[in-house]
Amino acid sequence: MIGLSAPAAGQSWFEQLLDWREKHISERTFVLMLAFAVGFFCAVAAFTLHWIIAQIALLLTSSFNEKTANWLYLVYPVVGIYLTGLFVKYVVKDNISHGITRILYAISSKRSRLRGHNCWSSVLASAITIGFGGSVGAEAPIVLTGSAIGSNLGKLFRMDNRTLVLLVGCGAAGAIAGINKANLGLANLDKMVNATQEERNLIAGQLYFFRGWFHFMIMQYWGGLPYIDKVLTTNDRLPRLSYQATAEKAAEDFRRAADLLPVDWDATKAGQATMGNNNIRINKVMALGYLGKDLLWAGSPLMNYESTGSKSYNRDLCKRAADAFAEALEICESTGRYQLADFSQWSDLFYTHNQNGRLPGLKEAIFYENLRETSSRWRWNMVNDFRPQLINASGVKCWPTANYVDYYGMANGMPINDITKKDAESGYDPEYPWKGRDPRFYKDIIFDGVKCCTNGKGDMKETKQYASLYTGGSYRVDTKGCLTGYMNTKFCPQLTNDYDGYRENNCMVLSFMRLADVYLMYAEATAQGYGSPTSKVNGYGLSAADAVNKVRDRAGVGHVADKFLASLDGFMSELRRERAVELAFEGHRFVDLRRWMLLTERP
């Protein structure tokens with residue numbers, strides 16, 4: 001019998017156990033053991049969540065008469081959200097976020113490290129919200145909980161980063177229910193015996209969309225997957241497909257969804273019951289947008305390399321992507337269903353302030369991120385992260401890097417090739433580095449000298465009122481000071497600080513897809529699929545270059561210069577820069593650089 005000896009000096013029993021495990025249990029076997037443990041604890045977490053929800057609901061409604069209305073149904077959700085806010089603020093004291101995006105962020109930027117409280121905080125917070133009648137789902141909290149269990153078990157047992165990613169995946173795969181729910185719905189459509197054909201089509205279209213979307217969101221980070229297009233049994237064994245094979249399956253679902261769904265739900269008979277509240281329902285434009293995105297991603301260098309061995313774009317997939325984007329854009333332009341916002345409303349695309357929780361996005365936002373607790377999650381999480389401790393005492397703090405800010409070129413549309421040198425062609429002058437820049441620069445970035453406090457009491461030093469971001473300035477040397485010389489104002493008001501009241505009453509929501517993004521993806525797909533920056537899809541009026549210029553026109557930026565239209569490589573350098581500027585900080589850059597196979601290249 002193998003036993004544990006007395007621990008060495010300074011070594012705990014647990015450390016000795018870890019040493020014994022490393023000597024006597026192979027890495028492969030131990031990973032399988034941990035995966036089993038993750039699955040078990042995921043099941044426990046899921047059961048616990050649903051049990052707590054049921055108990056709260058029973059406690060609150062057991063005395064209600066089901067045949068009559070009760071005004072408490074209107075009160076309980078508000079109480080639940082308030083209690084959840086208190087729980088997050090005073091018990092968790094951290095951002096518990098929302099499910100899959102938290103996991104993907106951990107994978108991409110934190111080497112799959114999720115905080116210990118995520119093993120329980122999402123379960124309790126969601127149980128309170130849902131139990132009190134909040135209109136949110138239980139899937140994302142379970143996904144995050146399962147992944148956090150995998151991550152923390154891996155850390156506890158000293159697993160390497162690669163194994164941590166695997167264990168995080170075990171947690172997500174063990175808990176995610178979105179795909180399964182879509183398949184259950186599709187398998188049971190025939191049970192809608194009293195539904196009209198329109199109603200069946202609307203339900204089926206949404207289910208096809210989400211089945212494709214869940215697969216797409218996972219595979220853009222994890223690569224090819226087994227495509228789950230039926231309700232699984234215990235005997236099913238599905239092969240892992242290549243990226244492009246998985247993308248083709250998703251494309252079929254997105255195409256089905258586009259064929260079944262309306263452009264505007266308000267124009268359907270079924271949508272009349274919720275007239276005016278149908279904006280975020282899945283529709284034809286969303287399905288076509290993701291059809292194009294799915295195919296463009298599949299045709300990009302990294303995914304094409306994984307599937308075919310070629311590091312170039314796949315021209316056929318890019319053509320099909322361009323065709324799908326053109327179909328979506330033609331609908332938008334002919335119906336006005338989605339429109340580029342006026343540049344004077346730029347900030348309203350990303351946040352609203354003192355507008356009673358109105359969602360940002362205007363008519364440009366096509367598909368939003370999770371809308372759960374939009375009125376409170378920004379206030380208790382990220383609102384404090386974009387200003388130095390000198391004027392905003394709390395917060396984690398994050399700053400745009402200087403090399404990223406350099407992507408914001410000049411107002412005439414020319415890039416800045418070297419920030420240390422004067423350039424007659426672009427008009428850039430290093431003695432006046434912030435003069436004549438792309439107008440989006442002034443909307444998104446705070447630089448040295450920009451006013452950040454109003455000095456309402458009249459006793460504030462100028463070095464505190466104005467961003468002192470020069471080397472040695474008060475905004476730089478302060479504890480938790482700005483490390484890069486630039487601050488973000490794209491997602492919060494310029495006067496966000498501890499004094500002027502702008503931290504309150506904000507609603508900040510990102511779009512997973514907005515119209516400007518679709519124009520830029522169309523430009524990339526058309527140029528690569530049809531062969532040149534001046535190519536266009538048959539039957540649609542804009543060339544690849546025209547689509548980029550349409551986005552630039554909104555901001556008052558000069559068109560892509562002729563010298564960049566002479567070759568695909570030249571055009572792509574400007575298109576990549578345009579995506580970096582237009583979509584800055586919106587969550588696209590990591591995947592863009594990765595699919596272009598530029599993630600490890602120097603900027």
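Side chains included, hydrogens not; waters and symmetry mates left out as well; all remaining heavy atoms used. We count residues from 1, following the sequence as given.
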Of all pairs that satisfy salt bridge (charged side-chain N to carboxylate O under 4.0 Å, His left out), the ones with a partner from residues 486-495, not counting sequence neighbours: Lys490-Glu586
Exercise answer: donor-acceptor pairs, residues 292-304 side-chain atoms, under 3.5 Å, sequence neighbours excluded:
{"residue": "Asp294", "atom": "OD2", "partner": "Ala251", "partner atom": "N", "Å": "3.3"}
{"residue": "Trp297", "atom": "NE1", "partner": "Gln220", "partner atom": "OE1", "Å": "3.2"}
{"residue": "Ser300", "atom": "OG", "partner": "Leu296", "partner atom": "O", "Å": "2.8"}
{"residue": "Ser300", "atom": "OG", "partner": "Arg595", "partner atom": "NH1", "Å": "2.9"}
{"residue": "Asn304", "atom": "OD1", "partner": "Gln244", "partner atom": "NE2", "Å": "2.8"}
{"residue": "Asn304", "atom": "OD1", "partner": "Thr308", "partner atom": "OG1", "Å": "3.2"}
{"residue": "Asn304", "atom": "OD1", "partner": "Asn314", "partner atom": "ND2", "Å": "3.4"}
{"residue": "Asn304", "atom": "ND2", "partner": "Ser312", "partner atom": "O", "Å": "2.9"}

Heavy-atom closest contact (Thr496 atom, Arg503 atom, distance): CG2-CG, 3.8 Å
Side chain to side chain donor-acceptor pair (under 3.5 Å) against His353, all qualifying residues, sequence neighbours excluded: Asn506
Parallel, tilted or perpendicular: ring planes of Phe590 versus Tyr221, cut at 30 and 60 degrees: parallel
Plane angle bin for Phe210 and Phe367 - parallel if under 30°, tilted between 30 and 60°, otherwise perpendicular: tilted
Validation row, ring centre Phe254 to ring centre Phe209 under 6.0 Å: yes
Interatomic distance, Leu291 atom CG to Lys284 atom NZ [nearest 0.5 angstrom]: 11.0 Å
Plane angle bin for Trp346 and Phe350 - parallel if under 30°, tilted between 30 and 60°, otherwise perpendicular: perpendicular
Considering all heavy atoms, the nearest Ala187-Val231 contact: CB-CG2, 4.0 Å
Residues that Lys230 engages under salt bridge (charged side-chain N to carboxylate O under 4.0 Å, His left out), provided they are two or more places apart: Asp236
Salt-bridge present (Asp253, Arg256; N to O < 4.0 Å): yes
Pairwise distance CZ(Phe386) to SG(Cys492) - rounded to 0.5 angstrom: 6.0 Å
Residue among Trp399, Tyr432, Phe441 satisfying ring pair (Phe, Tyr, Trp, His ring centres under 6.0 Å) with Phe447: Phe441
Atom CG of Leu186 with >12 non-hydrogen neighbours under 6.0 angstrom: yes
Qualifying salt bridge (charged side-chain N to carboxylate O under 4.0 Å, His left out) pairs, either residue in residues 569-583, two or more places apart: Arg440-Glu578, Arg440-Glu582, Arg514-Glu582, Asp517-Arg579, Arg552-Glu574, Arg552-Glu578, Arg554-Glu582, Glu574-Arg577, Arg579-Asp592
Where Val263 and Arg337 come nearest, the two heavy atoms and their spacing: O-NE, 3.2 Å
Residue list, salt bridge (charged side-chain N to carboxylate O under 4.0 Å, His left out) with Glu330, at least two apart or on another chain: none
Among Tyr530, Tyr540, Phe325, the one residue meeting ring pair (Phe, Tyr, Trp, His ring centres under 6.0 Å) with Tyr522: Tyr540
Tyr305 OH: over 12 foreign heavy atoms closer than 6.0 Å: no
Within 6.0 Å of NZ in Lys435, more than 12 heavy atoms from elsewhere: no
